[in-house]
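Everything on this sheet refers to the single structure shown next.
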2 protein chains.
Amino acid sequence: MSDVARAAGVSLMSVSNAFNRPAVVLPDTRARILAVAAELGYVPNRIAGTLASGRSQVVAAIVPSIRNSSFARTVQGLSDTLADRGYELLLAIADTPERELSSLQAVLGRRPDGIVLTGNTHLPQSVALLRQAGLPVVESWILSEPVIDMAVGFNLGAAAYAMGRHLIARGYRHIGYAGYAPADNSRFLERQLGFQRALIEAGLRDDLVFHAEEHNGFAGGRLALEALRMREPRLDAIFCSTDVFAAGLIFDCQRQSIRVPEDLAIAGYGDFEIAAEIVPRLSTVRTRGYEIGQAAARLILDRAEGREAPIRYDVGHELVLRESS
Amino acid sequence: MSDVARAAGVSLMSVSNAFNRPAVVLPDTRARILAVAAELGYVPNRIAGTLASGRSQVVAAIVPSIRNSSFARTVQGLSDTLADRGYELLLAIADTPERELSSLQAVLGRRPDGIVLTGNTHLPQSVALLRQAGLPVVESWILSEPVIDMAVGFNLGAAAYAMGRHLIARGYRHIGYAGYAPADNSRFLERQLGFQRALIEAGLRDDLVFHAEEHNGFAGGRLALEALRMREPRLDAIFCSTDVFAAGLIFDCQRQSIRVPEDLAIAGYGDFEIAAEIVPRLSTVRTRGYEIGQAAARLILDRAEGREAPIRYDVGHELVLRESS
DNA sequence: CTGAAAGCGCTTACAG
DNA sequence: CTGAAAGCGCTTACAG
């Protein structure tokens with residue numbers, strides 16, 4: 001910066017102002033400074049700027065995975081919104097509360113202006129660390145208590161409940177659930193509970209539950225079919241906690257010549273791209289992952305820049321009924 | 001930090017050393033310092049550390065998209081390797097050379113210790129900026145010239161060529177190509193050229209080429225089928241530049257009762273998870289996206305930490321022959 | 001092994 | 001509108 005100041009014949013302050021408060025410096029002076037800076041290939045050092053100003057213009061996000069279109073969409077929404085507002089994204093991938101804590105420690109040392117977490121299942125130390133840091137934090141993909149600071153998501157249970165009601169209304173009576181259940185994770189639990197609530201209200205069996213080992217594999221659907229049929233030969237529908245399970249299940253039905261939905265109805269969760277294309281097209285719950293990312297970024301920045309922001313933001317969900325159920 | 005130093009009755013230096021050069025401070029002193037730090041909830045300010053030391057322990061990556069399992073895998077490989085070595089990932093998503101440049105300007109201000117780019121199609125200003133910054137940069141998913149600094153990838157053309165040879169060996173004679181072709185992008189061009197080379201060598205028509213508007217949509221396959229059949233009614237095989245196109249094509253064939261591979265053979269590129277599951281299972285080119293991310297991180301860190309690193313690193317590729325061709 | 005000094009490249013708050 | 005001073009929280013290089 002001092003090179004630029006010297007070459008342009010102005011003080012450091014004027015260079016700083018030329019970049020950061022265009023209004024405050026004379027148009028001529030500013031143009032000259034910018035020209036010199038461009039010529040010299042000067043890129044302002046935002047590390048020094050951060051240290052001096054206490055504002056990093058960086059938002060950190062910790063997601064469990066990006067090989068799953070839901071979170072990939074959220075990261076995309078975050079990235080787009082942050083870039084628009086001149087912020088950068090510091091990304092950490094952590095799929096357990098323990099890894100989340102260590103990502104948090106690493107990331108906090110970078111003094112981000114805010115943090116986006118996934119879900120509300122955290123280690124107590126993580127929560128303590130966050131409170132002490134005192135920065136805006138949004139928990140995404142969940143809306144229920146406890147909330148550390150702000151939450152952006154939708155009612156996971158209601159969405160699953162709605163799909164349960166739909167299947168029941170279509171006349172299915174022996175309905176299984178293919179899910180995934182890491183310990184104490186409310187994001188997964190709420191879906192299952194919402195779905196079971198629909199079954200219970202209708203007086204149906206709600207214990208046809210299968211939990212896959214992995215969240216992301218197509219195999220989840222296949223294994224669920226095997227396991228659930230063993231328990232209930234009259235099984236006539238399966239609700240999958242993700243579209244990937246549902247797709248795996250459909251592929252398996254094709255191989256076994258089980259007709260969908262005639263012999264077995266299938267419903268998914270997520271409305272991934274494949275849902276609209278697979279044969280038969282998949283009924284699913286549309287979740288707004290991109291909007292979650294956008295809204296999370298907006299809430300963080302509003303707060304970081306001293307504006308008001310809601311504690312909770314519901315992006316909603318929607319049933320998308322297609323051919324599979 | 002000064003709070004910690006005071007509370008522990010030592011100098012700033014000792015606190016710094018306790019965190020950064022454990023060997024240099026007495027075990028007792030170090031334990032006391034760490035205990036005090038933990039009690040106070042002290043998280044070292046790495047922004048100040050970066051400014052003072054000139055090393056940020058941050059690596060930036062610019063990818064065109066993450067809603068495509070290839071790059072998602074690369075980001076995962078990058079993230080895992082960086083986290084293991086105590087580095088953070090600054091991620092930018094930019095899908096055109098223009099956006100790449102503006103991401104670059106933003107990211108360079110953060111003084112990363114290295115940068116990972118995708119492909120070798122850049123604006124001249126981007127290259128100039130990078131050269132001036134003088135930090136380690138790796139271009140990923142490409143190996144061909146020109147290389148700015150280092151490259152990690154595999155021979156895109158050879159992989160496509162191999163698949164072309166395979167289809168020809170299987171007896172297909174009217175083979176189409178379903179691709180995507182943003183202006184001047186060598187990553188896409190190399191695949192197409194490699195494939196066409198196989199056709200030309202075999203004396204087959206190499207102009208059955210269809211370019212989709214979008215890289216990521218399932219619709220690409222469907223549109224290709226329509227367009228290519230119009231041009232060549234005897235069309236007996238289609239090579240898709242991504243598995244997503246191939247899957248979309250298979251779904252469309254199911255709808256139209258076109259048997260795969262009997263009526264039409266299909267091959268993909270990428271070996272996404274779906275390839276092994278779809279009916280029929282998809283023949284494809286396995287690309288090692290995760291390894292690309294790992295290797296890119298390794299090369300950057302080796303150089304950033306003063307070690308030698310190769311200019312070019314080939315992760316290889318592999319033909320995975322399944323049922324669809 | 002431990003510590004006092006200088007400096008990293010900016011911004012803040014103030015004076016001119 | 002422009003500028004000289006102080007300081008952000010660390011690390012470097014050196015002396016003790």
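Residue numbers begin at 1 in each chain, while the letters A, B, ... track the order of the sequences.
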For [N], take OP1 and OP2 only and decide whether either is under 4.0 Å from a side-chain N or O of [X].
X       : N      : value
B:Ser16 : D:dT11 : yes
B:Ser11 : C:dG3  : yes
B:Tyr42 : D:dC10 : yes
B:Asn45 : D:dC8  : no
A:Ser14 : D:dG3  : yes
B:Asn17 : C:dC1  : no
A:Thr29 : D:dT2  : yes

Give the rounded distance in Å between these two atoms: [atom1] of [X] and [atom2] of [N].
X        : N      : atom1 : atom2 : value
B:Ile33  : C:dG3  : CD1   : P     : 9 Å
A:Arg30  : D:dC1  : CZ    : P     : 13 Å
B:Gln57  : D:dT11 : CD    : P     : 10 Å
B:Arg110 : C:dG9  : CZ    : P     : 17 Å
A:Ile47  : D:dT11 : CD1   : P     : 13 Å
B:Arg111 : C:dC8  : CZ    : C1'   : 12 Å

- request: State, to 0.1 Å, how close B:Leu51 and A:Ala48 come at their nearest heavy-atom pair, and which atoms those are.
  value: CD1-CB, 3.8 Å
- prompt: Which pair of non-hydrogen atoms, one from B:Ser56 and one from B:Thr50, has the smallest distance, and what is that distance?
  reply: CA-OG1, 3.4 Å
Taking the side chain as every heavy atom from C-beta outward, state whether [X] and [Y] have any pair of such atoms under 4.5 Å apart.
X        : Y        : result
B:Arg46  : A:Arg111 : no
A:Glu100 : A:Leu123 : no
B:Leu104 : B:Ile62  : yes

- line: Here the helical stems involving DNA chain C, each at least 3 consecutive Watson-Crick or G-U pairs closer than 3.5 Å, sorted by first residue number, are C:1-3 with D:14-16, C:5-12 with D:5-12, C:14-16 with D:1-3
field: Derivation of the salt bridge (charged side-chain N to carboxylate O under 4.0 Å, His left out) call for B:Arg303 and B:Asp149
entry: CA-CA 11 Å; B:Arg303 278 274 289 280; B:Asp149 183 16; 2.9 Å; yes
query: Is B:Arg32 atom CZ crowded by more than 12 heavy atoms from other residues, nucleotides or ligands, each under 6.0 Å away?
result: yes
field: First encountered from the 5' end of DNA chain C, between B:Ser53 and A:Thr50
entry: B:Ser53
Closest to the [X] side chain: [options]?
X       : options               : value
A:Met13 : D:dG7, D:dA13, D:dG3  : D:dG3
B:Leu26 : C:dC10, C:dC8, C:dT2  : C:dT2
A:Asn20 : C:dG9, D:dT11, C:dT11 : C:dT11

message: If you assign A:Val25 and B:Leu12 each to the DNA chain D nucleotide with the nearest heavy atom, which residue ends up on the more 5' nucleotide?
response: A:Val25
